[in-house]
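Read through the structure below, which is laid out as structure tokens, and then see the notes.
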Amino acid sequence: MSVFPEWPRNRLLLALPPRIRSDILASAERVSCERHQVLTDADQPLDHVYFPDSGVISVVAVYPDGTMIEMATIGREGATGFQAVFGAKMSSARLLVQLPGTAARIPRRAFAQAMDDIPVFRSLMYAHVHAFLEQVMISTGCNGAHNLTQRLARWLLMMRDRHDDDTLMITQDLLAEMLGVQRPTITNAIHALRRGGMIECGRRRVQILDREGLIAASCECYLLTRARIAQHLPKTYPN
């Protein structure tokens with residue numbers, strides 16, 4: 001702990017009373033999460049739960065032909081324990097690092113023991129799962145109801161909230177993959193946001209220039225997701 005005086009920065013862990021947080025971290029290790037790293041794959045053992053301090057993890061559905069689509073994102077407001085909360089030992093989704101960072105990694109068995117033994121931790125994780133499911137449900141509806149430019153604006157804003165920085169080190173190929181469209185289609189949506197002065201793009205980089213403009217270009221799903229997560233996790237979501 002003394003080696004990393006700023007640890008943890010994860011808002012879920014920081015919402016716990018100090019003594020309980022110390023008990024939880026006793027079984028944790030601080031690990032690096034590298035870009036494109038698969039932390040847990042679909043249909044594989046769920047060995048660990050990650051509490052990000054920085055970076056962004058995508059929860060991805062993987063189809064038999066190898067295509068993927070993102071269902072939700074997790075930053076330092078949350079954790080990857082949405083399946084382990086209910087005792088799952090196998091993962092039904094791929095947990096893919098989109099923006100690199102660090103995390104507190106806790107063995108699933110220690111996580112399950114804490115769920116059994118520590119009521120305040122159990123209540124916090126139940127609230128997190130509720131907030132996570134709200135994000136998934138809103139995202140699912142958004143994918144069917146809104147156009148790509150609106151969805152792209154929402155995705156960039158949600159990544160910004162979790163990354164705490166206006167510069168996102170991402171590629172157009174990644175954007176196309178996560179939003180479930182072809183590369184030329186995402187290029188057109190990016191051009192629309194650039195023409196509006198909301199973003200600037202470089203090689204493997206997107207910079208948000210006008211957050212308020214991006215909110216206006218997004219659908220209502222972005223602010224609704226923020227409101228729902230903040231409702232369930234008032235101490236963890238950024239203001």
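Along the sequence shown, the residues carry numbers beginning at 1.
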Open item on the list: As an exercise, state the distance from CE of Met178 to CD1 of Ile69, rounded to the nearest 0.5 Å.
Closed with: 8.5 Å
Task: Side chain Ser218, main chain Leu214, donor-acceptor under 3.5 Å - done: no
Open item on the list: A side-chain contact here means heavy atoms from C-beta on lying under 4.5 Å apart; do Asn147 and Gln150 qualify?
Closed with: yes
TODO: Look up atom CG in Asn10 and atom CZ in Arg21, then write down how far apart they are to the nearest 0.5 Å.
DONE: 10.5 Å
- [ ] Check whether Ile208 and Leu148 end up in the same hydrophobic cluster, where Ile, Leu, Val, Met, Phe, Trp and Tyr are linked by side-chain heavy atoms less than 4.5 Å apart.
- [x] yes
Task: Common cluster, Met198/Leu209, ILVMFWY with side-chain heavy-atom separation under 4.5 Å - done: no
Open item on the list: Can a side-chain donor-acceptor contact be found between Ser58 and Glu70 if the only test is distance below 3.5 angstrom?
Closed with: yes
Task: Path from Ile138 to Phe132 over hydrophobic side-chain contacts below 4.5 Å - done: no
Open item on the list: Within the structure provided, determine whether Glu77 and Leu233 are in side-chain contact (heavy-atom separation under 4.5 Å).
Closed with: no
Task: Nearest atoms (heavy-atom pairs only) where Cys201 meets Val206 - done: SG-CG2, 4.1 Å
Open item on the list: Quick check: closest heavy atoms across Pro8 and Leu14, and the distance to 0.1 Å?
Closed with: O-CD2, 3.5 Å
Open item on the list: With rounding to the nearest 0.5 angstrom, report the CD to CE distance, Gln135 to Met137.
Closed with: 11.0 Å
- [ ] Carefully, step by step, assess Leu156 and Leu193 under the rule side chain to side chain contact (heavy atoms under 4.5 Å, CB included).
- [x] CA-CA 11 Å; Leu156 292 172; Leu193 297 180; 4.1 Å; yes
- [ ] Treating Ile, Leu, Val, Met, Phe, Trp and Tyr as nodes and any side-chain heavy-atom pair under 4.5 angstrom as an edge, say whether Tyr222 and Leu175 lie in one connected cluster.
- [x] yes
Open item on the list: Just to verify, what does Asp65 make a side chain to side chain donor-acceptor pair (under 3.5 Å) with, not counting sequence neighbours?
Closed with: Thr67
Task: Closest approach of Ala79 to Ile74 (non-hydrogen atoms, all atoms of both residues) - done: O-CD1, 3.4 Å
Open item on the list: Any heavy-atom pair between the side chains of Pro184 and Gln182 that's under 4.5 Å?
Closed with: yes
Task: Nearest heavy atoms of Arg228 and His232, plus distance in Å - done: O-CD2, 3.0 Å
Open item on the list: Any side-chain to backbone donor/acceptor pair from Ser54 onto Thr102? Under 3.5 Å, distance only.
Closed with: yes
Open item on the list: How long is the straight-line distance from CG of Leu16 back to CG of Asp23, given to the nearest 0.5 Å?
Closed with: 10.0 Å
Task: Pairing residues for Tyr50 by the ring-ring contact (aromatic ring centres under 6.0 Å, His included) criterion, not counting sequence neighbours - done: none
Open item on the list: Quick check: is Ile20 connected to Leu13 through a chain of hydrophobic side chains (ILVMFWY, heavy atoms under 4.5 Å apart)?
Closed with: yes
Under 3.5 Å donor-acceptor pairs involving side-chain atoms of residues 84-95, not counting sequence neighbours:
| unit_1 | atom_1 | unit_2 | atom_2 | d |
| --- | --- | --- | --- | --- |
| Ser91 | OG | Gln83 | NE2 | 3.3 |
| Ser91 | OG | Ala93 | N | 3.2 |
| Ser91 | OG | Ala93 | O | 2.6 |
| Ser92 | OG | Gln83 | OE1 | 2.8 |
| Arg94 | NE | Asp41 | OD1 | 2.7 |
| Arg94 | NH2 | Asp41 | OD1 | 3.3 |
| Arg94 | NH2 | Asp41 | OD2 | 3.4 |

Task: Heavy atoms from other residues, nucleotides or ligands near CZ of Arg109 exceed 12 (cutoff 6.0 Å) - done: no
Open item on the list: Rounded to the nearest 0.5 Å, what separates atom NE2 in His48 from atom OG1 in Thr40?
Closed with: 8.5 Å
Task: Pairing of Arg105 and Glu29 as salt bridge, 4.0 angstrom limit - done: yes
Open item on the list: I need the minimum non-hydrogen distance between Gln37 and Cys33, along with the two atoms involved.
Closed with: OE1-CA, 3.5 Å
Task: Main-chain N/O of Pro52 paired to Arg76 side chain as donor or acceptor, under 3.5 Å - done: no
Task: Under 3.5 Å donor-acceptor, Arg162 side chain and Met158 backbone - done: yes
TODO: Quick one: pull up CZ in Arg122 and CE in Met115 and give me the separation to the nearest 0.5 Å.
DONE: 7.0 Å
- [ ] Could you tell me whether the side chain of Arg9 and the main chain of Asp53 form a donor-acceptor pair under 3.5 Å?
- [x] yes
Open item on the list: Check whether Glu134 reaches the backbone of Ala131 with its side chain - one donor and one acceptor, N or O, closer than 3.5 Å.
Closed with: no
TODO: Looking only at non-hydrogen atoms, find the nearest pair between Cys221 and Cys142 and report the distance.
DONE: SG-CB, 3.6 Å
Please set out all donor-acceptor pairs under 3.5 angstrom arising from side-chain atoms of residues 166-174, sequence neighbours excluded.
| unit_1 | atom_1 | unit_2 | atom_2 | d |
| --- | --- | --- | --- | --- |
| Asp166 | OD1 | Arg160 | NE | 2.7 |
| Thr171 | OG1 | Leu174 | N | 3.1 |
| Gln172 | OE1 | Arg183 | NE | 3.2 |
| Gln172 | OE1 | Thr187 | OG1 | 2.9 |
| Asp173 | OD1 | Arg183 | NH1 | 2.9 |

Task: Arg151 side chain vs Leu179 backbone, donor-acceptor pair below 3.5 Å - done: yes
Task: Partners passing ring-ring contact (aromatic ring centres under 6.0 Å, His included) against His191 (at least two apart in sequence or in another chain) - done: none
Open item on the list: Please enumerate all residues that pass side chain to side chain contact (heavy atoms under 4.5 Å, CB included) together with Asp117, with sequence neighbours excluded.
Closed with: Gln113
TODO: Using the side chain to side chain contact (heavy atoms under 4.5 Å, CB included) rule, take Ile215 and Glu212 through it: C-alpha gap first, then chi angles, then the decisive distance, then the call.
DONE: CA-CA 5 Å; Ile215 291 174; Glu212 293 303 316; 4.1 Å; yes
Open item on the list: If you take the centroid of each ring, where Trp contributes its six-membered ring, are Phe82 and Tyr126 closer together than 6.0 Å?
Closed with: no
Task: Worked verdict on Met71 versus Ser139 for side chain to side chain contact (heavy atoms under 4.5 Å, CB included) - done: CA-CA 7 Å; Met71 297 183 290; Ser139 177; 6.0 Å; no
TODO: Could you go through the side chain to side chain contact (heavy atoms under 4.5 Å, CB included) check for Ile199 and Ile190 one step at a time?
DONE: CA-CA 8 Å; Ile199 64 171; Ile190 289 171; 4.1 Å; yes
- [ ] State, with a plain yes or no, whether a side-chain heavy atom of Arg35 is found less than 4.5 Å away from one of Gln98.
- [x] no
Task: CZ (Arg204) with more than 12 external heavy atoms under 6.0 Å - done: no
TODO: Decide yes or no for His128 and Leu12: does some side-chain heavy atom of the first lie under 4.5 Å from some side-chain heavy atom of the second?
DONE: yes
